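Only one structure is covered here, and it is reproduced in the block below.
Here, residue 1 is the first one in the sequence, and each next residue gets the next number. Fair warning: this is a prediction, and the values are worked out from it, not measured in the lab.
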Amino acid sequence: MSGHPRHALRHTIACAALLAVGACSRHTEAPAPSATPPKAAQSTDRSAQGAPRIALAPDGVHIDYRVFGHGEPLVVLIHGWSCDANYWRAQIDDLKASYAVVAVNLAGHGASGRNRKNWTIEAFGADVAAVLAALPEGKVVLVGHSMGGRVALEAARLVPDRVIGIVGADAFSDIGVVRSAADHAAADALIARLQADYIGATREVVAKEFFTKDADPAFARRIADDMALAPPGIAIASLRALLDYDYAPALKAVRVPIIDIESDMHGPVDVARIRRIVPTFRAQIMPGRGHFLMMEDPAGFNARLREAIVAAVKGGT
């Protein structure tokens, strides 16, 4: 976690991007296929166009996921803390004409089961691996926003023969940061605030810390309100796992290109520091965007995501 106080908050409570205007509720159903999808996305298999499927995680939790489109690699979209698979709506619609796209609800999120005892990043990674086991064909690019980036690393450890690349969305700028005593104290204080008033604390912190000064205040409020609807017990346990996550084991095991599409809201990404740990790391910056960059600028984000997928197919070049 970064020593800067705003970085500390960003990387403790950060989650995947929220739905666009009119689709910001975690209770919204998954996007239906368009009435006239591109030819490449046409299929007589309804499940390939967004009908729910279920995989079984190693601890017996049902994991809800949906598949759209056709083509390789298989692009797996992993949401972050207290969000769900619907939050990738703009990316699903853009990618499904070229690739098979999988949107996963991690345990405790969306329509997935909540009967889990240990809410760890490793367990979330196993959720993604369970989905991939149900889709046994094709190479895979994992895409994770914020906490979803760490989940992608854990999933890649479990299916190393299939994953060819990992793409973060404002996910990896804290790799290599040594957390200070002040960072640990700030994390503990945040957990205490959430335990005392999950809804109020979440709404306040998210609205204040994850948007640029030029962001639409109504958009920021919708996101903060939606995140505050998560089950507090699951959300707080998952956040503690995020705070305690150690990158080192996964980064030692994962040998595929890692690209992060980053906001510059809190200053430049220290690419040199990250490359000392991950020599192939690349960052693509979206200037002037906040933490929810894929929703703030879907066209700009999707263009960079497509470039990252192509780079993963080429081996990171």
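- Considering only residues two or more places apart in sequence or on other chains, Asp214 meets the salt bridge (charged side-chain N to carboxylate O under 4.0 Å, His left out) condition with none of them.
- Hydrophobic clustering (ILVMFWY, side-chain heavy atoms < 4.5 Å, transitive): Val167 and Val310 are in one cluster.
- In this structure, Ile121 and Val151 have side chains that are in contact, with non-hydrogen atoms separated by less than 4.5 Å.
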Salt bridge (Lys or Arg N to Asp or Glu O under 4.0 Å) evaluation trace for Asp94 with Arg306: CA-CA 9 Å; Asp94 182 74; Arg306 282 182 171 273; 2.9 Å; yes
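- No chain of hydrophobic side-chain contacts below 4.5 Å, direct or via other Ile, Leu, Val, Met, Phe, Trp or Tyr residues, connects Val76 to Leu56.
- For Ile285, the CD1 atom is densely surrounded, since the number of other residues' heavy atoms within 6.0 Å is greater than 12.
- Contacts classified as side-chain hydrogen bond (donor to acceptor under 3.5 Å, both in side chains) and involving residues 132-144 (residues at least two apart or in different chains) are not found.
- Contact of the Val141 side chain with the Ile164 side chain is registered, since non-hydrogen atoms from C-beta on lie closer than 4.5 Å.
- Clustering ILVMFWY residues whenever any of their side-chain heavy atoms sit less than 4.5 angstrom apart, transitively, puts Leu158 in a cluster other than the one holding Leu74.
- To the nearest 0.5 angstrom, Thr120 atom OG1 is 8.5 Å from Asp59 atom CG.
- Contact check for Val128 versus Leu142: side-chain heavy atoms found under the 4.5 Å cut-off.
- Between Ser112 and His62 there is no side-chain heavy-atom pair separated by less than 4.5 Å.
- Rounded to the nearest 0.5 angstrom, Ser173 OG and Asp264 CG are separated by 11.5 Å.
- Follow the hydrophobic side-chain contacts under 4.5 Å out from Val102 and you reach Val313 in the same cluster.
- Taking the charged nitrogens against the carboxylate oxygens, Arg179 and Asp174 have no contact shorter than 4.0 Å, which rules out a salt bridge.
- Residues satisfying the salt bridge (charged side-chain N to carboxylate O under 4.0 Å, His left out) criterion with Arg273, sequence neighbours excluded, are Asp270.
- Residues passing the ring-ring contact (aromatic ring centres under 6.0 Å, His included) test with Tyr99, sequence neighbours excluded: none.
- To the nearest 0.5 angstrom, Ile92 atom CD1 is 11.0 Å from Gln49 atom CD.
- Of the candidates Val163, Val256, Leu251, Leu251 is the only one forming a side chain to side chain contact (heavy atoms under 4.5 Å, CB included) with Leu153.
- By the side-chain contact (heavy atoms from CB on, under 4.5 Å) test, Asp246 is found to be paired with Ala248, Pro249, residues two or more places apart in sequence or in another chain being considered.
- Counting all heavy atoms, side chain and backbone alike, Val271 lies closest to Ala283 at CG2-CB, 4.0 Å.
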Which atom pairs, one a donor and one an acceptor, fall under 3.5 Å between side chains of residues 228-235 and the rest of the protein, sequence neighbours left out?
none

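- Annotation: salt bridge (charged side-chain N to carboxylate O under 4.0 Å, His left out) contacts of Arg240 (sequence neighbours excluded): Asp188, Asp244.
- In this pair, His79 and His109 present their aromatic rings tilted. The plane angle is within the 30 to 60° band.
- Panel note: side chain Glu262, backbone Val269; no donor-acceptor pair is recorded below 3.5 Å.
- The main-chain N or O of Asn105 is never found under 3.5 Å from a side-chain atom of Asp64 such that the two would form a donor-acceptor pair.
- Every residue two or more places apart in sequence or in another chain that forms a side-chain contact (heavy atoms from CB on, under 4.5 Å) with Ala220 is listed here: Phe211.
- A heavy-atom distance below 4.5 Å is found between the side chains of Ile309 and Leu95.
- Here Arg193 contributes atom CZ and Ile236 contributes atom CD1; the two are 12.0 Å apart, rounded to the nearest 0.5 Å.
- Under the rule for a side-chain contact (heavy atoms from CB on, under 4.5 Å), the partners of Glu307 that lie at least two apart in sequence or sit in another chain are Gln284.
- For residues 155-166, the salt bridge (Lys or Arg N to Asp or Glu O under 4.0 Å) pairs, not counting sequence neighbours, are Glu154-Arg157.
- A distance-only check finds no donor-acceptor pair linking the side chain of Thr202 to the backbone of Met227 [under 3.5 Å].
- Met295 places a side-chain heavy atom less than 4.5 Å from the side chain of Gln91.
- Both Leu106 and Leu135 are assigned to one and the same hydrophobic cluster, defined by single-linkage of ILVMFWY side chains at heavy-atom distances under 4.5 Å.
- Considering only heavy atoms from C-beta on, Leu190 comes within 4.5 Å of Leu239 through its side chain.
- Residue Arg203 is tested with Asp225, Asp226, Asp197 for a side-chain hydrogen bond (donor to acceptor under 3.5 Å, both in side chains); the sole match is Asp225.
- Annotation: side chain of Glu296 is not in contact with side chain of Met286 (no heavy-atom distance under 4.5 Å).
- Residues Gly50 and Phe68 come closest through the heavy atom pair CA-CE2, 3.4 Å.
- Results of the side-chain hydrogen bond (donor to acceptor under 3.5 Å, both in side chains) test with Asp170 over Arg289, His145, His291 single out His291 as the only residue that passes.
- For Arg114, there are no salt bridge (charged side-chain N to carboxylate O under 4.0 Å, His left out) partners two or more places apart in sequence or in a different chain.
- Interatomic distance, Phe301 CZ to Ser263 OG, rounded to the nearest 0.5 Å: 12.0 Å.
- The aromatic rings of Trp81 and Tyr198 lie perpendicular to each other, with more than 60° between the two planes, well past the 30° mark.
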Stepwise side-chain contact (heavy atoms from CB on, under 4.5 Å) test for Arg89 and Met294: CA-CA 10 Å; Arg89 182 183 298 267; Met294 68 270 260; over 6 Å; no
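- With sequence neighbours left out, Tyr247 forms a ring-ring contact (aromatic ring centres under 6.0 Å, His included) with Tyr245.
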